[in-house]
Amino acid sequence: MSTGIAARVEEHLAVFKRGATDLIDEVQLRAMLERSLSERRPLRVKYGMDPSSPDLHVGHAIPLLKLRDLQELGHQIVLIIGDSTAMVGDPSGRNKLRPQLTREEVEVNLVTYTDQAAKILDMERTEIRRNSEWFNAMTFEDVLLLLARMTVAQMIERDTFQKRMQENEPIGIHEFLYPLMQAWDSVQVRCDAELGGTDQLFNLLVGRKLQEQEGQAPQVCLTTPLINGLDGRKMSKSYGNAITLTDGARTMFFAVMRLDDASMGTWFTQLTRLPDDEVRTLLAGHPREAKARLAEELTSFFHDREAARAARAAFDREVRDRQLPAEIPERPWPGAPGDTLPLANLLKDIGLTSTTSEARRTIQQGGVRLDGTVVRDPVQLIAAPVAPLLVQVGKKRVARVVPR
RNA sequence: GGGGAGAUUCCCGAGUGGCCAAAGGGGUCAGACUGUAAAUCUGAUGGUUCCGCCUUCACAGGUUCGAAUCCUGUUCUCCCCA
């Protein structure tokens with residue numbers, strides 16, 4: 001082996017390892033890379049996504065970004081669209097039984113999923129496989145044989161199942177099938193390595209086991225951290241604490257600015273590719289500057305530099321300087337032209353609050369301003385405006401009521 | 001197959017005949033503070049024509065002046081025994 005290859009092995013290894021939580025195992029990966037680079041045969045790196053909810057969030061972007069790095073090194077990415085596994089539901093990191101999706105729901109999600117993944121990966125160079133390709137071809141006997149590869153004891157060793165049993169939460173028998181299915185994907189695509197979140201480690205290891213049983217070299221398992229959402233809990237669409245890849249530039253930027261300081265380091269490492277020393281300098285400086293930079297990097301990546309700058313300008317203006325936004329949505333007066341409306345009803349009618357009760361509460365708490373003046377009486381009658389009336393609810397909601 | 005426990009408001013979780021729109025915590029919203037946050041403090045948190053009325057405590061009936069609370073049936077979950 002030439003010294004040139006040895007250096008490149010180290011280079012590739014560093015990319016694999018950067019920000020990773022588990023690597024099983026490094027010795028094996030090094031050997032794979034040596035062979036791969038000397039034989040000029042890219043490694044097949046698998047990643048599976050189940051189209052189980054319509055939107056991907058930045059947490060999903062972490063492994064995808066890692067895949068992109070590997071893709072840029074010339075390795076072959078194999079993206080598994082888990083259209084069959086989605087109907088089972090991955091029990092990983094779940095303390096509850098997942099609702100089972102129908103074929104129709106899966107198909108709808110699938111389209112948006114690949115579109116979103118395309119924001120990160122070069123899909124031209126990505127091998128995309130649906131796992132229904134092989135699962136739909138299996139007979140009941142095939143399924144039995146697959147199930148027979150593991151024992152219940154091995155399965156319930158998993159901490160998620162342990163926890164559920166302790167908490168008397170249900171565990172569906174079909175959930176036992178999930179790790180085996182994911183592992184079977186690895187056998188089918190003959191991958192050299194599989195990437196997943198830290199909660200996937202068990203499933204990834206089952207892949208190694210099955211590949212060995214099938215006479216294949218066991219895959220290297222690589223996990224990336226799961227990140228917390230904006231409220232500190234695990235990021236999840238259902239908690240409403242996620243930043244999704246489909247969020248607009250402004251929404252995305254503003255959301256990142258709400259992140260707690262302590263998480264910034266992880267976010268920089270996992271979601272940006274800024275050099276380490278630059279990140280260190282940023283983190284040592286003013287937290288707001290660092291966070292703004294983080295937000296700008298993320299927004300630029302998922303949208304573009306221009307949109308990110310605009311979002312930052314809007315943030316500075318509206319939040320930092322407490323100025324009105326440049327664009328204020330206009331709402332036509334909802335009543336008859338010469339009419340009057342109680343303030344609470346007006347707020348609901350123009351959509352600034354979802355119910356009149358919410359409007360009343362907010363008004364009574366001093367959260368509503370008309371032309372900049374706090375109004376505390378929810379039944380105060382508002383006359384149809386002759387000139388635009390500026391209505392603000394809290395810090396974020398604003399509209400201009402215009403005559404019609 | 002037998003026995004036991006349970007299903008509560010967005011989530012978790014109290015409540016076992018009237019004082020229950022239902023404790024407490026989380027989340028969320030509003031206000032204060034601030035660096036944009038976080039943390040902290042205050043208040044709010046089913047709807048509404050808002051000191052009244054309507055809807056809500058798995059579902060369907062029933063008892064009662066009155067039920068989340070009692071009874072019957074149904075659905076779902078957990079535990080133990082076989």
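Just so you know, these numbers use all the heavy atoms, side chains as well, and skip hydrogens, waters and symmetry mates. Sequence lines set the chain letters: A, B, ... in the order given, protein chains first and strands last, and positions in each chain run from 1. Everything quoted here is computed from the prediction, not taken from an experiment.
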Subject >> C1' atoms of B/U28 and B/G46, separation to the nearest Å >> reply: 15 Å

Original post:
What is the base-pairing partner of B/C19, counting Watson-Crick and G-U wobble geometry with both distances under 3.5 Å?
Top reply: none

**OP:** Whole angstrom is fine here: how far is it from CE in A/Met165 over to C1' in B/C80?
**Re:** 16 Å

**OP:** Could you encode protein contacts along nucleotides 45-59 of chain B as a string, one character per nucleotide from 5' to 3', using B for base contact, S for sugar-phosphate-only contact and - for no contact, with a heavy-atom cut-off of under 4.0 Å?
**Re:** S-SBSB---------

**OP:** Could you measure between the two P atoms, the one in B/U42 and the one in B/C51, and give it in whole Å?
**Re:** 29 Å

Original post:
Distance between the C1' atoms of B/C41 and B/U34, in whole angstroms?
Top reply: 13 Å

Subject >> A/Gln182 versus A/Gln200, side-chain donor and acceptor atoms under 3.5 Å >> reply: yes

Original post:
Should B/G1 form a Watson-Crick or G-U wobble pair with both distances under 3.5 Å, which nucleotide is its partner?
Top reply: B/C81

Original post:
Considering only the C1' atoms, how many Å lie between B/A7 and B/C59, rounded to the nearest integer?
Top reply: 11 Å

Original post:
A/Leu283 pairs by side chain to side chain contact (heavy atoms under 4.5 Å, CB included) with which of A/Glu278, A/Lys291, A/Met264?
Top reply: A/Met264

Subject >> Atom pair distance, as rounded to whole Å: CD in A/Glu167 and P in B/C79 >> reply: 12 Å

Subject >> Base-pairing mate for B/U40 - Watson-Crick or G-U, with both contacts under 3.5 Å >> reply: B/A32

Original post:
CD1 of A/Ile171 versus P of B/C78: gap in Å, rounded?
Top reply: 9 Å

Original post:
Between the side chains of A/Ser357 and A/Thr355, is a donor N or O closer than 3.5 angstrom to an acceptor N or O?
Top reply: no

Subject >> Pairwise C1' distance for B/G35 and B/C29, with rounding to whole Å >> reply: 23 Å

Original post:
How close or far is atom C1' of B/C79 from atom CZ of A/Arg164, stated in whole angstroms?
Top reply: 17 Å

Subject >> Interatomic distance, A/Arg376 CZ vs B/A44 C1' [rounded to whole Å] >> reply: 13 Å

**OP:** Output yes when A/Arg293 and A/Glu289 qualify as a salt bridge under the 4.0 Å nitrogen-oxygen rule, no when they do not.
**Re:** no

**OP:** Please step through side chain to side chain contact (heavy atoms under 4.5 Å, CB included) for the pair A/Asp90 and A/Asn203, ending with a clear verdict.
**Re:** CA-CA 10 Å; A/Asp90 186 4; A/Asn203 297 351; 3.5 Å; yes

Subject >> B/C78 versus B/G27 - spacing of their C1' atoms, nearest Å >> reply: 27 Å

Subject >> Contact state string [nucleotides 34-39 of chain B, B base, S sugar-phosphate only, - no protein heavy atom under 4.0 Å] >> reply: BBBB--

**OP:** Determine which nucleotide pairs with B/C70, using a 3.5 Å limit on both distances of a Watson-Crick or G-U wobble pair.
**Re:** B/G62

Original post:
With a 4.5 Å heavy-atom cut-off, do A/Arg397 and A/Thr353 have their side chains touching?
Top reply: yes

Original post:
Has the side chain of A/Gln365 got a donor or acceptor atom sitting under 3.5 Å from an opposite partner on the base of B/G31?
Top reply: no

**OP:** Give a yes-or-no answer on whether the side chains of A/Asp115 and A/Thr112 include a donor-acceptor pair shorter than 3.5 Å.
**Re:** no

**OP:** Could you check A/Gln71 against A/Thr126 for side chain to side chain donor-acceptor pair (under 3.5 Å), going step by step and ending with a plain yes or no?
**Re:** CA-CA 8 Å; A/Gln71 190 168 51; A/Thr126 305; 2.9 Å; yes

Original post:
Paired with B/U49: which nucleotide, if any, by Watson-Crick or G-U wobble criteria at under 3.5 Å for both distances?
Top reply: none

Original post:
What is the ring orientation for A/His60 with A/Tyr113, classed by angle as parallel under 30°, tilted 30 to 60°, or perpendicular over 60°?
Top reply: tilted

**OP:** Test salt bridge (Lys or Arg N to Asp or Glu O under 4.0 Å) on A/Asp69 and A/Arg18 and set out the steps.
**Re:** CA-CA 10 Å; A/Asp69 293 343; A/Arg18 180 183 178 276; 5.2 Å; no

**OP:** Round to the nearest Å and state the distance from A/Ile363 atom CD1 to B/C29 atom P.
**Re:** 18 Å

Original post:
In whole Å, what separates the C1' atom of B/G47 from that of B/C10?
Top reply: 16 Å

**OP:** Between B/A21 and B/G15, how far apart are the C1' atoms? Round to whole Å, please.
**Re:** 13 Å

